[in-house]
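In what follows, a structure is listed as structure tokens, so that the remarks can point back to it.
All of these numbers come straight from a predicted model, not from anything done at the bench.
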Protein chains: 2
Amino acid sequence: MTETRPADSFPAPEHDHSECIESALAAAEETCRRRGLRFTPIRRRVLELIWQNHEPVGAYHLLDQLSRDGRRAMPPTVYRALEFLVEAGLVHRLATLNAFVGCAHPDHAHQGQFLICRDCRRVVEMESARVGHSLRREAEALGFSVEEQSIELTGLCPDCSQAH
Amino acid sequence: MTETRPADSFPAPEHDHSECIESALAAAEETCRRRGLRFTPIRRRVLELIWQNHEPVGAYHLLDQLSRDGRRAMPPTVYRALEFLVEAGLVHRLATLNAFVGCAHPDHAHQGQFLICRDCRRVVEMESARVGHSLRREAEALGFSVEEQSIELTGLCPDCSQAH
DNA sequence: GCGGGGACTGTTATATTATACCACCGCGCG
DNA sequence: CGCGCGGTGGTATAATATAACAGTCCCCGC
Ligand SMILES: [Zn+2]
Ligand SMILES: [Zn+2]
Ligand SMILES: [Zn+2]
Ligand SMILES: [Zn+2]
């Protein structure tokens, strides 16, 4: 039972975010290559747009931005790309927001716990094995076999919490 | 830190469900009376419809049933009733399904964990203090102050699990 | 009684999120 | 070549949710 990883915390406001984008795209490229998945231009572009910052993005917001690229995108286009990215574990869907956020640990299968700041809207993905296991254990004590988890906590991030 | 309550488990298929409805309505009546909330006919009727079984219900399904009552209900009518019931803790909204389910423990404030069977669609509300606390603790270790939790597990209930 | 205010409901319109469905294209493969 | 399949383009529509404003009812203070 490992502890929450140190990488799981709210990014400093002044961090080099282009770094985040670069490494997310590189990791995606690598993941798809290894698994024989096709990382097409649309999929790549959608992932890049999702990573523009650490806030979740709605499908129709992505659609707007794709249109601004010059390609006349329609809803199915972006939903298909999102479906692929979620399926591939490169993106998570936040059920409480109907929005999508880049996955912080695309290298391995997992189901994280999301901390969503209601003020600045930034999201962090925790990956606490303790929580995952105890949830699964209690569910199975009731005879329930878990297939998917959706765990989303809304509140205030450290920065917004300090700023009252 | 109490354990999961024994009441939190999937109801036997042959249980007397009219009992469930009765007691949910009685508890709602009592809760509203104590807190000075108005348990109006629409709100009562929506709660009754939600409790028709142990599956989550969509707002527009409730709308259909209200219309069948004779009252020409419009979306805001049912959404207002739902907002009231959720606010009062008599109903929970399941974000992963965009649907609503009766609360099993309306007598006290809480944030449960939901087990959702993807086959029979029944839902059970666990209330594991252990999970709640460890989630909160880990989130606060990252400086995050939790205000709301949404925890929903999808899988197979004991009955559906046995039936393959 | 009467008037004001607040909570509730009725009604219209619209916003937001998501999917069904069909046509086309490009490419690998027999 | 002819076929199948994954990806994309495009239209239409489904499903979920809210904005905004008008009417109604009831309590309460005067
Ligand atoms: Zn960043
Ligand atoms: Zn914040
Ligand atoms: Zn029952
Ligand atoms: Zn089941």
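When rounded to the nearest whole Å, the span between CG of L62(B) and P of dA15(D) equals 15 Å. In this structure, L82(A) atom CG and dT19(C) atom P are separated by 10 Å, rounded to whole Å. Rounding to whole angstrom units, CG of residue D64(A) and P of dA15(C) are separated by 14 Å. When rounded to the nearest whole Å, the span between CD of E83(B) and C1' of dA17(D) equals 11 Å. Atom CG in L63(A) sits roughly 12 Å away from atom P in dG9(D) (whole-Å rounding). Here dG7(D) presents its P atom at 13 Å from CZ of F39(A), a figure rounded to the nearest Å.
Taking the six-membered ring for Trp and thresholds of 30 and 60 degrees, H108(A) and H110(A) have ring planes inclined between 30 and 60 degrees apart.
Under the 4.5 Å side-chain criterion, counting only non-hydrogen atoms from C-beta, V101(A) is not in contact with E55(A). F10(A) places a side-chain heavy atom less than 4.5 Å from the side chain of L115(A).
Side-chain N/O atoms of E147(B) and T154(A) include no donor and acceptor closer than 3.5 Å. Under the 3.5 Å distance criterion, with hydrogens and angles disregarded, no donor-acceptor pair is assigned to the side chains of Q52(B) and H17(B). Using modelled atom types and a 3.5 Å distance limit, the side chains of R122(B) and N53(B) yield no donor-acceptor pair. Side-chain contact annotation: T96(B) with E152(B), donor-acceptor N/O pair under 3.5 Å present.
Between E30(B) and R34(B), at least one side-chain N (NZ, or NE/NH1/NH2) sits under 4.0 Å from a carboxylate O, which counts as a salt bridge.
One cannot find a donor-acceptor pair under 3.5 Å joining the base of dA14(D) and the side-chain atoms of Y60(B).
Using a 4.0 Å cut-off on heavy atoms, none of the residues of residues 45-58 of chain A approach DNA chain C. Of the residues in residues 85-103 of chain A, not one comes within less than 4.0 Å of DNA chain D through any heavy atom.
For P75(B), whose side chain is taken as the heavy atoms from C-beta onward, the closest listed nucleotide among dT18(D), dT19(C), dT17(C) is dT18(D).
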Verdict with supporting geometry, E140(B) and R137(B), salt bridge (Lys or Arg N to Asp or Glu O under 4.0 Å): CA-CA 5 Å; E140(B) 285 173 356; R137(B) 192 156 32 74; over 6 Å; no
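Applying the 4.0 Å criterion to OP1 and OP2 of dA18(C), one finds that Y79(A) has a side-chain N or O inside that range.
For the side chain to side chain donor-acceptor pair (under 3.5 Å) with H54(B), the qualifying choice from H15(B), R121(B), E125(B) is H15(B), the only one to do so.
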Per-nucleotide protein contact string for nucleotides 4-10 of chain C, where B marks a base within reach and S marks sugar-phosphate only (heavy atoms under 4.0 Å, - for neither): ---SSBB
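No more than 12 heavy atoms of other residues, nucleotides or ligands lie within 6.0 Å of CD in E83(A), so this atom counts as exposed by the packing criterion.
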